[in-house]
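Chain naming here is simple, since letters A, B, ... match the order of the sequence lines and numbering starts at 1 in each. Note that the coordinates shown come from a computational prediction; the quantities given were computed from them, not determined experimentally.
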Amino acid sequence: MSIDVLLQQIVNGLVVGSVYALVALGYTMVYGILQLINFAHGEIVMIGGPTSVFATKWLLSMGRPSLLALLIAILVAMVVCAVVGVAIERVAYRPLRNAPRLAPLITAIGVSILLQQLAILVFGRNYFTFPELISRDPITIGVVTVTMNEIVILLASVALMAALLWLVHNTKIGTAMRATAENQKVAGLMGIDVNKIIAITFAIGSGLGAIAGVMVASNYGQAHYYMGFMLGLKAFTAAVMGGIGNLWGAMVGGLILGLVENVGLIFVRGDYKDIFAFVVLVLVLIFRPQGLIGERVAERA
Amino acid sequence: MAKLMQLKQDKRTQMVWFVALGVLILILPFLAGMLGQAWVRILNVTLLYVMLALGLNVVVGVAGLLDLGYVAFYAVGAYTWSLLASAHFNLHYPFWVLLPLGACLAALAGLMLGAPVLKLRGDYLAIVTLGFGEIVRILMNNFDKVGLPWSDETYNITNGPRGITGIDGLNLFGLDLRKGLDVSGFNVSGFNVSGLQLYYFVFLAFAILSVIGVYRLQHSRLGRAWQALREDEIAAKAMGINTRNIKLAAFGFGALTGGLAGGLFASMQGFVSPESFGLLESIMILAMVVLGGMGHIPGVILGAVLLSAMPEVIRYAADENVQQKIFGVVLIAPEVLRNLIFSLALILIMLFKPQGLWPSPEKK
């Protein structure tokens with residue numbers, strides 16, 4: 001194995017990993033507050049893909065410049081996904097907040113199937129080509145080859161994650177979110193509108209997911225109704241690996257998963273790529289049952 | 001006195017219902033047979049799902065360990081049968097070797113999965129089991145060209161995504177179940193028992209066996225220990241329960257049932273491929289357990305019957321012809337409509353009955 005190949009795979013891994021991290025944040029934020037695995041999150045990310053494809057195509061046909069079209073399309077995708085995310089919380093999760101723990105899991109699975117079918121109805125079963133708004137031509141920097149698209153993805157993810165951390169740690173809403181995650185009842189007594197905070201959490205998580213969906217669509221040049229499934233699964237794995245409920249955990253977990261998958265490709269056949277991810281997950285959890293960064297949560301007594 | 005009479009009356013009506021249900025179950029394959037053999041197959045698959053749901057119920061419902069990769073054990077059982085009783089390796093072992101072997105291998109896989117994940121809490125356990133299920137599926141998909149590091153030769157073990165065809169049927173002491181039974185010799189002219197109908201009775205026997213097994217287990221010392229584990233692990237430990245061993249036992253027993261069902265599935269289907277053992281299948285079985293009522297055997301059976309029959313009935317109802325009649329045009333592709341209705345039903349049932357359709361009475 002040459003060092004060039006390794007470097008190349010590390011770069012590829014960072015790009016994929018940053019997308020995983022963005023999606024994983026959506027899982028981990030919801031989990032941190034509700035202790036709920038939001039199985040539908042992958043589907044929300046998926047909706048971001050086709051929505052942005054249709055939005056950009058429409059804007060381009062109106063003769064708007066491509067960069068403006070992309071930015072507006074991202075905004076549209078974010079709004080659509082945020083609305084869907086908040087609606088799901090309101091309809092499918094909120095009534096079950098005091099129900100047995102597995103009940104919301106089943107509704108989440110139901111919502112996930114529902115969203116997929118609705119996507120087929122609205123968008124169709126086809127693969128949509130995402131217009132090449134940011135160049136996908138390879139650029140060689142030293143020994144590695146990247147595309148402008150990948151560079152933008154990497155930088156945008158870093159900026160988004162930094163913004164999220166700032167939001168959670170330095171604003172009033174962020175403080176309210178952390179308080180709600182700590183203890184819903186007490187947060188309510190302190191004058192925090194818990195329902196509103198939970199809705200905001202879903203909106204932010206879904207918005208990040210939408211951007212991730214657009215990134216995947218623009219990077220691979222296509223979007224389709226099934227793209228959320230494996231992406232969601234991987235991101236969820238990443239969130240758990242990092243320590244679910246922990247923002248840093250989701251970011252680190254996403255990046256590590258992306259790196260492991262792509263560096264692993266040097267050693268094993270591509271067919272086994274997914275196995276590699278899960279084997280690493282199992283190994284991490286055997287030695288650190290709380291995840292890489294997650295704190296040891298006391299079991300309910 | 002009146003109360004006693006009432007009680008007697010209740011007992012009697014209960015008995016009548018019970019007998020009626022028993023008779024219905026016995027004649028069901030023949031009723032379905034009149035509609036077509038496809039419906040008998042649906043009944044058989046339903047019985048397999050009952051077994052699977054009962055097995056998963058031990059892990060999730062009774063012991064409270066969330067398992068999202070349960071279908072892996074089903075796959076182990078199915079592939080054990082398929083590899084050792086088909087033309088693939090030209091091996092043809094009889095069922096009394098293969099069914100126990102498949103069940104034991106599945107149980108072994110359950111223990112192998114259970115051992116490293118014992119320390120994990122609920123949702124971490126869920127994702128690891130999910131990963132395990134995916135690993136098993138991917139291995140089945142790729143074990144058609146297994147290479148050794150020191151040679152270029154590859155071996156075809158599972159035939160990859162193409163799956164294994166030409167699997168032997170269940171041969172019950174000389175009677176090949178697939179061929180059906182010709183009873184015209186008994187002067188019942190024109191009345192034949194089809195292969196699928198024979199399978200129905202075999203599966204029914206195994207399903208009843210699972211019900212009895214799970215019931216006995218649930219009310220044994222081990223079952224009570226599982227319930228203690230589910231309610232509060234720390235308290236259970238403090239009471240002197242060896243949580244490690246009983247967790248392993250739960251995984252092992254659940255896997256055993258799954259492996260058995262897998263062997264039966266392969267023997268009926270004659271064809272297996274990794275596609276039948278995806279994550280959605282695991283989720284579906286979990287949904288049966290939760291929807292029916294976790295930890296409550298009648299509820300779980302109800303959940304299994306409902307969720308495996310519902311898509312088929314909807315398929316029938318959502319047919320293009322029906323839409324054509326009502327709306328004049330086909331508005332929605334039947335497959336999409338079927339999944340739409342199914343997912344809506346899943347959500348609505350859970351919203352209105354969060355404890356499940358038929359929860360166990362003792363648990364509030």
Exercise for review: Would you please classify the geometry between the Tyr226(A) ring and the Phe229(A) ring as parallel, tilted or perpendicular, with 30° and 60° separating the classes?
Suggested key: parallel
Practice item. Go through Pro116(B), Ala126(B), Gly356(B) and name the one with the most non-hydrogen pairs under 4.5 angstrom from chain A. Key: Pro116(B)
Exercise for review: Give, as side chain, backbone, both or neither, the part of Leu68(B) having an atom under 4.5 angstrom from any heavy atom of chain A.
Suggested key: side chain
Point to revise | Engaged part of Ile349(B) at the chain A interface, taking heavy atoms whose separation is under 4.5 Å | key: neither
Revision key, fill the gap. For Pro95(A) and Ala92(A) the tightest heavy-atom approach is CD-C, 4.1 Å
Check your understanding: Are any of the side-chain heavy atoms of Asn195(A) and Arg94(A) separated by less than 4.5 Å?
Key -> yes
Check your understanding: In terms of heavy-atom pairs under 4.5 Å with chain A, which of Val128(B), Asn142(B), Ile135(B), Ile138(B) leads?
Key -> Asn142(B)
Check your understanding: Once you round to the nearest 0.5 Å, how far does CD1 of Ile293(A) lie from CH2 of Trp248(A)?
Key -> 8.0 Å
Practice item. Please look at Ile120(A) and chain B and tell me whether the side chain, the backbone, both or neither of the residue comes under 4.5 angstrom of a heavy atom of that chain. Key: side chain
Check your understanding: Which class fits the ring pair Tyr27(A) and His41(A): parallel under 30°, tilted 30 to 60°, perpendicular over 60°?
Key -> perpendicular
**Study point:** Interface moiety of Val289(B) toward chain A, non-hydrogen atoms closer than 4.5 Å
**Key:** neither
Check your understanding: Between the side chains of Tyr225(A) and Glu43(A), does any donor sit under 3.5 Å from an acceptor?
Key -> no
Revision key, fill the gap. If you tally heavy-atom pairs under 4.5 Å between each of Ile106(A), Thr107(A), Ile109(A) and chain B, the highest tally belongs to Ile106(A)
**Study point:** Structural part of Leu281(A) lying under 4.5 Å from a heavy atom of chain B
**Key:** side chain
Check your understanding: Leu307(B) versus Tyr49(B): any side-chain heavy-atom pair under 4.5 Å?
Key -> no
Revision key, fill the gap. Counting heavy-atom pairs under 4.5 angstrom with chain A, the leader among Leu346(B), Leu291(B), Leu348(B), Val336(B) is Val336(B)
Check your understanding: Does the side chain of Leu279(B) reach to within under 4.5 Å of the side chain of Leu233(A), using non-hydrogen atoms?
Key -> yes
Review point. By a 4.5 Å heavy-atom criterion (distance strictly below it), what part of Ala287(B) contacts chain A: side chain, backbone, both, or neither?
Key: both
Review point. So which of Ile113(A), Val111(A), Leu285(A), Leu121(A) has the largest heavy-atom pair count under 4.5 angstrom toward chain B?
Key: Leu285(A)
Check your understanding: Checking heavy atoms, do the side chain of Leu66(B), its backbone, both or neither come under 4.5 Å from chain A?
Key -> side chain
Exercise for review: Using non-hydrogen atoms and a 4.5 Å limit, figure out which bit of Ile275(A) sits close to chain B: side chain, backbone, both or neither.
Suggested key: both
Study note, to complete from the structure: Highest number of heavy-atom pairs under 4.5 Å with chain B among Thr237(A), Leu114(A), Val279(A) belongs to Leu114(A)
Review point. Where is the tightest heavy-atom contact between Leu139(B) and Thr158(B), given as atom of each residue plus distance?
Key: O-OG1, 4.4 Å
Point to revise | Parallel, tilted or perpendicular: rings of Phe123(A) and Phe128(A) (30°, 60°) | key: perpendicular
Check your understanding: By a 4.5 Å heavy-atom criterion (distance strictly below it), what part of Leu102(A) contacts chain B: side chain, backbone, both, or neither?
Key -> both
Check your understanding: When you look at Phe132(B) and Phe278(A), which way does the ring-ring contact (aromatic ring centres under 6.0 Å, His included) test go after all the steps?
Key -> CA-CA 7 Å; Phe132(B) 175 77; Phe278(A) 288 119; over 10 Å; no
Review point. Relative to chain B, which of Ile244(A), Val282(A), Leu118(A) shows the most heavy atom pairs under 4.5 Å?
Key: Ile244(A)
**Study point:** chain A contacts, top residue of Val60(B), Asn141(B), Leu130(B), Leu344(B) (heavy-atom pairs, under 4.5 Å)
**Key:** Leu130(B)
Practice item. Select one option (side chain, backbone, both, neither) describing which atoms of Val117(B) are under 4.5 Å from chain A's heavy atoms. Key: neither
